[in-house]
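Proteins come first, then strands; the chains are lettered A, B, ... in the order of their sequence lines, and each starts at number 1. Here the structure is a predicted model, which is why all the values come from computation and not from measurement.
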Amino acid sequence: MKRISRAKPFRALILFAACSSKSSPPPPGHPPQQPAIDRAALLAGKLPETAPEMELVNAQCRICHGVDYLTQQRLSEPAWKKTIEKMTRFGANLDDAQIASLAAFAARYWNPELPGRTWTVVPPPAGALPD
Amino acid sequence: MQRRTFLQGSLAALAGVHLRAPTLAWAKEAGLYELTARPANYESTRNTFTTRITPLDRFYIRNHFDLPVGDAKTLASTWKLEVRGLAAKPQAFTLFDLTRLTQHTVEAVLQCAGNGRGLFTPRVPGVQWRYGAMGNAEWTGVRLADLLTIVKPDKAAKHLELRGLDKPVIEKTPPFIRGIPIEKALHPDTIVALQMNGKPLSLQHGFPARLVVPGWVGDDWMKWLSTIDLRADEPTAFYYATGYRFPTTPGAPGAPVPPEQMKPMTKLVVKSQLATVSDGDVIAPGTHELVGVAFSGEARIKSVDITVDGGTTWQPAKLEADSDYGFRVFRHPWEAKPGKVTIAARATDATGATQPAKPIWNPAGYLYNAIEFVSVEVRS
C-alpha cells in the first residue's frame with residue numbers, strides 16, 4: 001500500500017522533470033525515474049524499458065504470452081486493474097500493491113488517449129502453411 | 001535471421017508503397033499483421049478481401065495458447081478424437097479412421113468473435129483486431145453427424161463439450177473448452193475438417209482436425225479437436241460459462257453488463273468489408289472499382305449498397321456468386337472526382353438484417369459490424 005500512496009506525487013515530479021531541461025537526478029534512496037512518454041515508440045509497440053515497473057512486467061507478464069498483449073491495449077487505470085486482476089486469476093503471481101502499481105504504470109503509457117498501434121506486415125508465422 | 005529481417009523489411013516497404021499508391025491497386029504478396037507473436041495472433045491485411053476464397057498464406061491466425069507440442073508427423077500418428085459421455089458406443093477415432101469415412105466440403109467464413117474489437121469506443125481489452133480476423137475457405141472432412149451416428153448418443157445428450165490439444169502454460173489458467181448444442185452438431189454442414197482449401201490443415205489452423213461450425217463464431221471451431229463430451233447440460237468451463245458471452249440486450253457504450261444478462265454467442269452477424277480503400281488514402285481522379293466481401297451468419301447476402309457521398313445516397317453494388325456461409329464479393333465502379341470523399345458499404349442478408357450505423361458496444365468487444373465510413377482524398 002505504501003508504494004501506491006507514493007506513486008501519485010512521484011508522477012507529478014516526473015511530469016515536472018520531463019518539462020524542465022535542468023532536471024536533477026532523483027535524490028538517493030528514491031525509486032528510479034519514470035522515463036518520459038515517447039509516443040512514437042509506444043505506437044510501435046516498444047516498452048519503456050527503464051521504468052521501475054518493468055522488472056515486474058518482465059518477471060510476470062512474459063510467462064504465458066508476449067508483452068505485445070500489453071502494448072496494444074488502450075485502457076483506463078480501473079480497466080487495467082480489472083485486466084491485471086484477471087491475470088492473477090489465470091496464474092500471475094502478484095500481491096494487491098503490485099497489481100495497483102502495475103495498473104497505474106500501464107495506464108500512464110497505454111491509455112485511451114494514445115492512438116491505436118501501428119502494425120507492419122510480416123510473412124506468415126511458422127506452422128501457418130500446410131507441410 | 002538475416003533473411004527474415006530482409007523479408008520483413010521488403011514486405012513492410014511494399015505495404016508502405018500500397019498506402020501511398022494513388023490508384024486502388026493492391027499488394028498481392030503474402031503477409032499478415034503480427035498482433036501478438038506468442039501465442040500467434042495474426043490479422044489479414046484489408047486488401048486480402050477481394051476474392052471469394054481467402055488464400056492460405058493471407059488467412060488470419062488466432063490462438064489462445066502456444067501451439068500443441070509435436071510436429072505434424074508426430075501428431076498425425078498419435079492424435080485421436082475421442083467422442084464420449086452420454087453415448088452407447090463411445091469411440092476414439094484416429095486420423096486414418098476419419099480419412100476412410102465419406103468426405104464432405106463446405107465453404108464457410110471463419111471469423112473470430114473479436115474481429116473489430118480494436119474499433120470500439122470506449123476501448124475494450126483483448127487482442128486489438130481491426131478488419132482482418134476473418135477469412136473464407138473450403139473445408140473438407142467428415143460430418144460430425146456421421147461420427148455421432150457411430151457412437152449413438154443417448155436421448156439425454158443435448159450439448160457437446162469440445163476440447164483441443166492446446167494447453168495453457170500454467171495449470172491455473174482455464175483451458176480452452178467450448179460447447180455447441182446437439183442440433184447444430186447434427187446439421188449436415190457441421191464437419192470435422194481435415195483440409196482447408198484442398199490442403200491438409202496447417203498446424204496453426206488445427207492440424208490434424210478442427211471443427212467447422214458454419215455461420216457460427218470462430219471460438220466454436222475447435223482446433224486440434226481431441227475430445228467431444230456428450231452431456232445433458234451446457235459446459236461450465238470458463239471460456240463457455242464466463243468468456244465469449246454477449247449481452248442479451250446491449251446497453252449504453254461502456255456500461256457494465258451483469259453476468260446473468262450475458263449469453264453464449266452463436267451466429268455471426270451481417271457484415272461487409274471494403275478491401276480497396278482505407279481511411280486517409282490519396283486516390284487519383286478517374287474510374288476505380290470498389291471491391292470487397294460481405295457475409296452473414298446462417299443467411300445468404302441479398303444486397304450490398306455503396307455510398308460515395310458519406311451516406312446521403314446509396315447504390316446497389318454488383319454481386320458475384322453467393323453461397324450459404326461464404327464471402328460474397330461485391331464490386332462497384334466509382335468515378336472519382338477531386339475532393340474529399342467518404343465511402344461506405346452496407347450489406348443486407350436474406351433475413352433482412354443489415355449493418356447498423358453505430359457499433360453495438362459490448363464489454364468484450366465481440367461481433368463488430370457497424371458500417372465503416374472510409375474518408376479518402378481524390379487528387380492527381
Checklist entry - Given B:Val127 and A:Gln72, is the side-chain contact (heavy atoms from CB on, under 4.5 Å) satisfied, shown in steps? => result CA-CA 8 Å; B:Val127 177; A:Gln72 66 190 261; 3.9 Å; yes
Contact class of [X] relative to chain A, heavy atoms under 4.5 angstrom:
X	answer
B:Ile61	side chain
B:Phe238	side chain
B:Asn63	backbone
B:Asn41	side chain

For [X], is it the side chain, the backbone, both or neither that has a heavy atom under 4.5 Å from a heavy atom of chain B?
X	answer
A:Thr118	neither
A:Ala128	both
A:Leu129	both

Which pair of non-hydrogen atoms, one from [X] and one from [Y], has the smallest distance, and what is that distance?
X	Y	answer
B:Gln204	A:Ala126	NE2-O, 2.9 Å
A:Pro130	B:Ser202	N-CB, 3.6 Å
B:Arg123	A:Arg74	CB-O, 3.2 Å

Please report the interatomic distance [atom1]([X]) to [atom2]([Y]), rounded to the nearest 0.5 Å.
X	Y	atom1	atom2	value
A:Trp119	B:Glu43	CH2	CD	8.0 Å
B:Thr173	A:Ile63	OG1	CD1	9.5 Å
A:Asn93	B:Ile170	CG	CD1	8.5 Å
B:His64	A:Cys64	NE2	SG	14.0 Å
A:Asp131	B:Leu75	CG	CG	10.0 Å

Verify the neighbour count for atom [atom1] of [X]: are there more than 12 heavy atoms of other residues, nucleotides or ligands below 6.0 Å?
X	atom1	value
B:Lys172	NZ	yes
A:Asp38	CG	yes
A:Glu49	CD	yes

Item to check | Sequence-distant partners of A:His65, ring-ring contact (aromatic ring centres under 6.0 Å, His included), two or more places apart | outcome: A:Tyr69
Checklist entry - Less than 4.5 Å apart, any side-chain heavy atom of B:Pro174 and any of A:Phe90? => result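 In short, these two side chains touch, coming nearer than 4.5 Å.
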Checklist entry - Does the pair B:Thr45 and A:Val121 meet the rule for a side-chain contact (heavy atoms from CB on, under 4.5 Å), with working shown? => result CA-CA 8 Å; B:Thr45 57; A:Val121 175; 3.8 Å; yes
